[in-house]
Chemist: 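Input: one structure, supplied below.
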2 protein chains.
Amino acid sequence: MDEPRWLDAHEDRAWRGYRRMRRLLDLELARELMRDAGLSEPDYDVLSDLSEAPEQRLRVSELADRMLWSRSRLSHHLSRMQQRGLVMREEHPSDGRGAVVVLTPEGRRAIEEAAPGHVAAVRKHLIDLLTPDELAALAAFSHRVVDHLSAPGRPSP
Amino acid sequence: MDEPRWLDAHEDRAWRGYRRMRRLLDLELARELMRDAGLSEPDYDVLSDLSEAPEQRLRVSELADRMLWSRSRLSHHLSRMQQRGLVMREEHPSDGRGAVVVLTPEGRRAIEEAAPGHVAAVRKHLIDLLTPDELAALAAFSHRVVDHLSAPGRPSP
DNA sequence: CTAGGGTCGATGACATGTCAACTACTTCGT
DNA sequence: ACGAAGTAGTTGACATGTCATCGACCCTAG
C-alpha cells in the first residue's frame with residue numbers, strides 16, 4: 001500500500017454529498033414515518049416486502065435475503081412486530097426447519113395507511129428534486145454498484 | 001391525502017437501486033474497515049473529522065453538529081473511544097459547560113493507518129464505478145437534497 | 001438406512017443508538 | 001445584580017443490532 005490515490009476535489013464533493021444526503025434523508029424519512037404512521041423504517045421495509053409477496057407470506061430466510069438482513073436480526077425484529085400484532089409466524093408446510101412470516105390484517109392495514117405518506121415523503125425529499133437525467137444516472141450507477149458488490153467472490157455470510 | 005402519486009417504473013428503479021446500493025456499500029465498507037484497521041465506520045468518522053480540525057481538536061457540540069449526531073450518541077461513543085485511547089476530553093477554556101475532544105497520538109496513528117485502505121475501498125466499490133457524468137450528477141443532486149433538508153423550518157433537535 | 005455435514009431459525013450476551021432526565025453553566029431581561 | 005430561561009454535556013433506562021451458539025431438521029454419500 002504505497003502512495004494512495006486520494007479523492008480529487010470532484011470526487012470528494014460527491015462522496016461527502018452522498019454521505020450527508022444519506023444521513024439527512026434517513027433522519028427525515030424515519031421522523032415523518034414514525035410521526036405519521038407509528039412505524040420505524042425497518043418496520044416499513046418488512047411490511048412492504050411482505051405486502052408485495054404472493055399471499056402476503058414469505059419464508060423467513062427468503063425475506064432476510066431480500067432485505068439484506070442477517071437471520072438473527074430479522075428473527076429479533078419479527079418477534080417485536082409479532083408482539084404488536086403486525087405479523088405472525090407459521091410452520092413451513094414442507095420444510096420442518098422452516099418458518100413462514102405472514103402479514104396479519106392489522107399489518108396490512110398499517111402498511112396501506114403508511115405507504116401514501118411515505119411515498120410522498122420520498123418524492124418530496126428526493127425524487128422530485130432530481131432532474132430526469134439525474135434520476136436516470138442514479139438508477140444506472142446504483143444498480144451497477146449493486147451488481148459489483150453482489151459479484152462472485154463476495155460471501156454473503 | 002387522496003390519490004397518491006406512486007413512483008413510476010423509472011423512479012422506482014432509482015429508489016430501489018439507491019437503497020440497495022446504500023445497504024451493500026455500508027456492509028462492505030464497514031467489513032473491510034473493521035478487518036483492515038479494527039475500526040467501525042462511526043469510529044472512522046469521528047477520527048476523520050477530528051484529524052481535519054485545527055490542532056486535532058473540536059468542541060463536542062461542534063463535532064456532533066458536523067456529524068449530524070445527537071449529543072447523547074456522541075457522548076456515549078466518545079466514552080468508548082476514550083477507553084480505547086483514541087481520543088481524550090479536555091475542559092473548554094472559556095465556556096465552563098463545554099468540553100473539547102482531542103485526538104490522541106494513538107488516534108492519529110489509527111486514522112492515518114486506516115485512511116489509505118478506506119479511500120481505496122470507497123474508490124473500488126463506488127467512485128471508480130461511476131462515469132464522470134454520473135459523478136457530477138451525484139455531487140450535484142446530493143448537495144441539492146442536503147440543502148433542501150437543511151432549509152429553514154427544519155428543526156435539528 | 002444412517003452418519004455426518006449443512007441449513008434454518010431462535011436465543012442470550014453483548015455492543016450500539018435513542019430518549020428523557022439531570023447538573024452545571026451561560027445568557028438575557030429587567 | 002439577580003432570577004428565569006436556555007445551552008452543554010453526561011447519564012441511565014431502554015430499544016435495536018451483532019455475534020456466537022444451539023437444537024432441530026434436511027440432504028447426500030456410502
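Sequence lines set the chain letters: A, B, ... in the order given, protein chains first and strands last, and positions in each chain run from 1. All values below come from the heavy atoms of this structure, side chains included, with hydrogens, waters and symmetry mates left out. On a predicted model such as this, the values are computed, not experimentally measured, just so you know.
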Chemist: For chain A and DNA chain D, what are the first and last nucleotides along the strand, 5' to 3', with at least one atom under 4.0 angstrom from a heavy atom of the protein chain?
Modeler: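 Footprint of chain A along DNA chain D, 5' to 3': dT16(D) to dC26(D).
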Chemist: Check every strand shown and say whether H77(B) touches a base, only sugar-phosphate, or nothing at a heavy-atom separation below 4.0 Å.
Modeler: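 Sugar-phosphate, backbone atoms only, no base.
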Chemist: Between S142(B) and R22(A), do the side chains contain a donor N or O and an acceptor N or O under 3.5 Å apart?
Modeler: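 On atom types as modelled, these side chains do not qualify, holding no pair under 3.5 Å.
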Chemist: Would you call E112(A) and R109(A) a salt bridge, using N to O less than 4.0 angstrom?
Modeler: no
Chemist: With no angle test and no hydrogens, is the base of dG9(C) tied to the side chain of H76(A) by a donor-acceptor pair under 3.5 Å?
Modeler: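 No pair found.
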Chemist: Salt bridge or not between D65(A) and R71(A)? Use side-chain N to carboxylate O under 4.0 Å.
Modeler: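 Judged by the 4.0 Å cut-off on N to carboxylate O distance, D65(A) and R71(A) do form a salt bridge.
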Chemist: Do E52(A) and R16(B) sit within salt-bridge range, that is, some charged N less than 4.0 Å from a carboxylate O?
Modeler: yes
Chemist: So which heavy atom on R5(A) is nearest to which on V119(B), and how close?
Modeler: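 Residues R5(A) and V119(B), closest heavy atoms: O-CG1, 3.6 Å.
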Chemist: With a 3.5 Å cut-off and no angle check, do the side chains of R80(A) and H77(A) form a donor-acceptor pair?
Modeler: yes
Chemist: At under 4.0 Å between heavy atoms, what does R71(B) touch on the DNA or RNA strands: base, sugar-phosphate, or nothing?
Modeler: base
Chemist: At a cut-off of 3.5 Å, list every protein nitrogen or oxygen paired with a nitrogen or oxygen from nucleotides 20-27 of chain C, distance to 0.1 Å.
Modeler:
from	atom 1	to	atom 2	distance (Å)
dT26(C)	OP1	G96(B)	N	3.1

Chemist: What is the distance from CZ of R59(A) to P of dT7(C), rounded to the nearest Å?
Modeler: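 So the two atoms are 13 Å apart, to the nearest Å.
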Chemist: Would you indicate what S75(B) reaches in the nucleic acid, counting non-hydrogen atoms under 4.0 angstrom: base, sugar-phosphate, or nothing?
Modeler: base
Chemist: Taking the six-membered ring for Trp, are H148(B) and H125(A) parallel (under 30°), tilted (30 to 60°) or perpendicular (over 60°)?
Modeler: tilted
Chemist: Return the value, rounded to whole Å, for the distance between atom CZ of R80(A) and atom P of dA10(C).
Modeler: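 Those two atoms, CZ and P, are 13 Å apart.
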Chemist: Ion pair present between R123(B) and E11(A), side-chain N to carboxylate O less than 4.0 angstrom?
Modeler: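 Yes, charged N to carboxylate O under 4.0 Å.
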Chemist: Atom CD of E91(A) to atom C1' of dC8(C): distance rounded to whole Å?
Modeler: 14 Å
